[in-house]
Amino acid sequence: MKQFTLQNRQLIIVGEALRDLPTTDFKTNRAKHKLLKLVNKKFEEYAEDEKILIENLAEKDADGQPVKLENGNYKIDKANTKQAQKEINELGDMEAVIVYGEFALDIKPAIDYILNYEGHIDAKMGQGLFDLIEAYEENGALVIVDKFTNIKV
């Protein structure tokens, strides 16, 4: 099964980089959005896991419900601050396996486009695209054929 692995904490920057990457043709744009959909699905799972983790460590009101701050975040119980940070870091370090087997041919134009993109890339987009391509390559998903020797490298 074709797949690649990112850390949970990489999902947001990879997703933003894909979203912001300009495309000019339909085939590439479609491939980019299929890939983005797969990354976003994993990000949503990560966000839900993080929400549950924080709710469990949050300060509780009289009814046993997590206390929310004005900004919408949960108020972490002071006794749980270090534990919360530790668990959030561990969750961010966990692997997110992105399975794209049935979409392998569909996302290939996006990968090729990224590898050949010559437009402006700021630091944040560059990091996201770098993380994506590294993960894709590490799992043997990318086979490069030297155009001069026709040998796979």
Side-chain angles (χ1 to χ4, degrees), residues 1-58 66 68-76 81 83-153:
M1 176 154 312
K2 295 189 182 240
Q3 63 187 35
F4 61 90
T5 304
L6 294 165
Q7 285 183 321
N8 279 333
R9 74 178 74 251
Q10 293 174 303
L11 294 169
I12 188 79
I13 194 168
V14 168
E16 288 175 355
L18 282 170
R19 186 194 67 224
D20 295 343
L21 182 68
T23 54
T24 55
D25 66 275
F26 180 76
K27 182 178 180 180
T28 303
N29 192 53
R30 182 172 179 264
K32 177 182 91 163
H33 282 280
K34 285 201 178 230
L35 185 54
L36 182 59
K37 184 177 179 179
L38 295 171
V39 171
N40 283 343
K41 180 181 176 195
K42 285 297 177 179
F43 177 75
E44 289 169 7
E45 292 173 10
Y46 166 54
E48 182 63 25
D49 290 344
E50 186 178 58
K51 179 183 175 199
I52 291 168
L53 186 152
I54 292 171
E55 284 176 345
N56 288 335
L57 296 169
K68 281 192 175 183
L69 302 171
E70 289 179 20
N71 65 6
N73 290 337
Y74 291 105
K75 183 177 181 182
I76 301 296
T81 303
Q83 184 65 26
Q85 192 58 55
K86 179 182 178 240
E87 289 185 29
I88 289 169
N89 287 340
E90 288 173 355
L91 183 61
D93 289 339
M94 290 177 84
E95 292 184 343
V97 178
I98 298 173
V99 178
Y100 65 93
E102 65 185 84
F103 298 111
L105 293 176
D106 294 334
I107 68 169
K108 180 98 172 76
I111 298 298
D112 292 342
Y113 180 76
I114 293 167
L115 288 169
N116 295 301
Y117 183 69
E118 294 184 9
H120 174 74
I121 299 177
D122 64 21
K124 188 175 180 182
M125 180 187 284
Q127 185 65 54
L129 296 177
F130 175 81
D131 290 345
L132 173 64
I133 295 300
E134 286 292 302
Y136 193 79
E137 287 177 338
E138 283 176 14
N139 287 283
L142 187 60
V143 176
I144 300 172
V145 178
D146 183 300
K147 64 182 176 183
F148 299 109
T149 62
N150 208 25
I151 297 173
K152 292 180 182 180
V153 286

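All residue numbers in this chain count up from 1 along the given sequence. Computed from a predicted model, the values in this text were never measured in an experiment.
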Q: For R19 and K32, work out which heavy atoms get closest and say how close.
A: O-NZ, 3.5 Å

Q | N29 side chain vs D25 backbone, donor-acceptor pair below 3.5 Å | A | no

Q. At what distance, to the nearest 0.5 angstrom, does CE of M125 lie from CG of D122?
A. 6.0 Å

Q. Nearest heavy-atom pair of A84 and I76: which atoms, and what distance?
A. CB-CG2, 4.0 Å

Q.
By the definition side-chain contact (heavy atoms from CB on, under 4.5 Å), identify the one residue from I114, L115, I121 that meets it with Y117.
A. I121

Q. Which atom names give the shortest non-hydrogen contact between N116 and D112, and what distance separates them?
A. ND2-O, 2.9 Å

Please output the side-chain donor-acceptor pairs of residues 4-15 that fall under 3.5 Å, not counting sequence neighbours, one pair per line with the distance.
| unit_1 | atom_1 | unit_2 | atom_2 | d |
| --- | --- | --- | --- | --- |
| N8 | ND2 | L91 | O | 2.8 |
| R9 | NE | D93 | OD1 | 3.1 |
| R9 | NH2 | N89 | O | 2.9 |
| R9 | NH2 | D93 | OD1 | 2.6 |
| Q10 | OE1 | Q7 | N | 2.7 |
| Q10 | NE2 | D131 | OD2 | 3.4 |

Q) Any side-chain heavy atom of Y113 sitting closer than 4.5 Å to one from T23? A) yes

(Q) So, taking the atom named CG in L57 and the one named CD1 in I52, what distance separates them when rounded to the nearest 0.5 Å? (A) 12.0 Å

Q) CG of D106 to CG of L35: how many Å apart, nearest 0.5 Å? A) 11.0 Å

Q. So how far is it from N71 CG to K68 NZ, rounded to the nearest 0.5 Å?
A. 10.0 Å

**Q.** Set of salt bridge (charged side-chain N to carboxylate O under 4.0 Å, His left out) partners for E50, sequence neighbours left out
**A.** none

Q) Looking at NZ of K34 and CG of L105, how far apart are the two atoms once the value is rounded to the nearest 0.5 Å? A) 10.5 Å

Q | Distance (rounded to the nearest 0.5 Å) between K75 NZ and L69 CG | A | 7.0 Å

Q. Which heavy-atom pair separates Y74 from A58 by the least distance, and what is that distance?
A. CB-CB, 3.9 Å

(Q) Quick check: closest heavy atoms across P109 and K27, and the distance to 0.1 Å? (A) CG-CE, 3.7 Å

Q: Salt-bridge test for K42 and E45: reply yes if a basic N is under 4.0 Å from a carboxylate O, no otherwise.
A: yes

(Q) Atom CD of residue position E134 - does it have more than 12 heavy atoms of other residues, nucleotides or ligands inside 6.0 Å? (A) yes

